[in-house]
Q: 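Quick one: this structure, given as structure tokens, is what I'll be asking you about.
Below, chain A is the first sequence line, B the second, and so on; all start at residue 1.
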Protein chains: 2
Amino acid sequence: MDQVAGAIADPVRREILMMLREGRLSAGEIAGRFPISRPAVSRHLRVLRDSGLVRDELVGRRRFYVLDTGPLAGLAEWMALLARPSGWEHRLDALETEIHRTRRERRVHGTTDQAKENTA
Amino acid sequence: MDQVAGAIADPVRREILMMLREGRLSAGEIAGRFPISRPAVSRHLRVLRDSGLVRDELVGRRRFYVLDTGPLAGLAEWMALLARPSGWEHRLDALETEIHRTRRERRVHGTTDQAKENTA
DNA sequence: CGAAAGCGTAACCTACAGGTTACGCGTTAG
DNA sequence: CTAACGCGTAACCTGTAGGTTACGCTTTCG
């Protein structure tokens, strides 16, 4: 959970995650949408990979990144625990169920090309 | 939300927040539970105050800190948005939930002594 | 096969986060 | 009134996060 919290803390990484929400993207496609250099983005992607928030799929000479919201569950649980008397934690519960549902449907994003899976 | 994410990212600050869940604590009481120096804890408290996650109450020569989970809502919403499959219907849903979010008083920790409120 | 595309890694630099000690200021106690 | 307490701030040091350029490896294409 520590790694997840750290990964979330950076605005560039948060934006990358939001990009990946609409489907997988190659490293170059992601880097092209930022004003910073490609290696900088590459290292942000490495942090996200280590945290488990993204998976990568090697397709030819390209590397696609896929969002994986699973690791968010731990952080969500911590937040819910912290805010127990608050009232908005119901949305966090919803988030967790959503995460589990997404876990089942993850294969929808996978298209029909072969890819060597490189999960962190 | 950026400040909240940054505040959450540090393990010491997370532990402070968990401590405050059971009631307000003075700066000295908090610092006494960590192996690091008191000024270091003081600056962690400053970060938490700036993020809005804690409020402070001056009582005599002591300064009590009180948990405020309100600012977590923004981050929670972002996480929920990320975990959902992309689509504008879901965004509307989240917006609606945010608008009707309850602002009920969190007077639970407040005891009966007078205190000058110093919210960030 | 040789050249170009697509990415990650290495080496390097700078800014800042997080730690320490020294200090100052307001408040309580004696 | 003076001394001690409680706490924040200033000044300083160090490790690391995040940026850059240079480079190397693998895959595709002429």
Q: Can you check the B:E29 CD to D:dC5 C1' distance for me, whole Å?
A: 14 Å
Q: Work out which heavy atom in A:S51 is nearest to a heavy atom in A:V4; give both atom names and the distance.
A: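 Looks like O-CG2, 3.9 Å.
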Q: Mark yes or no for whether A:R14, through its side chain, and A:I8, through its backbone, hold a donor-acceptor pair below 3.5 Å.
A: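 Between the backbone of A:I8 and the side chain of A:R14 there is a qualifying donor-acceptor contact (under 3.5 Å).
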Q: Please walk me through it: do B:R24 and B:E57 pass salt bridge (Lys or Arg N to Asp or Glu O under 4.0 Å)?
A: CA-CA 9 Å; B:R24 69 178 200 180; B:E57 301 171 353; 2.6 Å; yes
Q: Please report, rounded to the nearest Å, how far the C1' atom of C:dG19 is from the CZ atom of B:R46.
A: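 Nearest whole value for this atom pair: 17 Å.
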Q: If you check every side-chain atom of A:R62, which of C:dG6, C:dG18, C:dT9 has the closest atom?
A: C:dG6
Q: Is it true that a side-chain atom of B:E29 and a backbone atom of B:S26 form a donor plus acceptor pair closer than 3.5 Å?
A: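 Confirmed, B:E29 side chain pairs with B:S26 backbone.
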Q: To the nearest Å, give me how far apart CG (A:L45) and P (C:dG6) are.
A: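 Atom CG in A:L45 sits about 16 Å away from atom P in C:dG6.
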Q: Pick out which of A:V66, A:L20, A:D68 makes a side chain to side chain contact (heavy atoms under 4.5 Å, CB included) with A:V54.
A: A:L20
Q: Any side-chain N or O of B:S26 below 4.0 angstrom from OP1/OP2 of D:dG6?
A: no
Q: Assess whether one donor atom and one acceptor atom, taken from the side chain of B:R61 and the base of D:dC5, lie less than 3.5 Å apart.
A: yes
Q: Starting at CG of A:L25 and ending at C1' of C:dG6, how long is that distance when rounded to a whole Å?
A: 15 Å
Q: Separation of A:R49 atom CZ from C:dC7 atom C1', in whole Å?
A: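 Computing the A:R49:CZ to C:dC7:C1' distance gives 10 Å.
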Q: How close or far is atom C1' of D:dC25 from atom CG of A:L58, stated in whole angstroms?
A: 13 Å
Q: Can you list, by residue number, the residues of residues 34-44 of chain A that have a non-hydrogen atom closer than 4.0 angstrom to DNA chain D?
A: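 A:I36, A:S37, A:P39, A:A40, A:R43, A:H44, in order of number.
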Q: Can you give the donor-acceptor pairs under 3.5 Å from side chains of residues 38-46 of chain A to other protein atoms, not counting sequence neighbours?
A:
| residue | atom | partner | partner atom | Å |
| --- | --- | --- | --- | --- |
| A:H44 | ND1 | A:R13 | NH1 | 3.1 |
| A:R46 | NH1 | A:D50 | OD1 | 3.4 |
| A:R46 | NH1 | A:D50 | OD2 | 3.2 |

Q: Once you round it to whole Å, what is the distance between C1' of D:dG19 and CZ of A:R13?
A: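 Going from A:R13 (CZ) to D:dG19 (C1'), I get 13 Å.
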Q: Rounded to the nearest angstrom, tell me the gap between atom CD1 in A:I30 and atom C1' in C:dG6.
A: 13 Å
Q: If we ignore hydrogens and angles and just use 3.5 Å, is the side chain of A:T69 paired with the main-chain N or O of A:L72 as donor and acceptor?
A: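 Looks like no, no N/O pair under 3.5 Å.
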Q: Please determine whether a side-chain nitrogen or oxygen atom of B:Y65 lies at a distance below 4.0 Å from atom OP1 or OP2 of D:dC7.
A: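 It does not, given that no N or O in the side chain of B:Y65 lies less than 4.0 Å from OP1 or OP2 of D:dC7.
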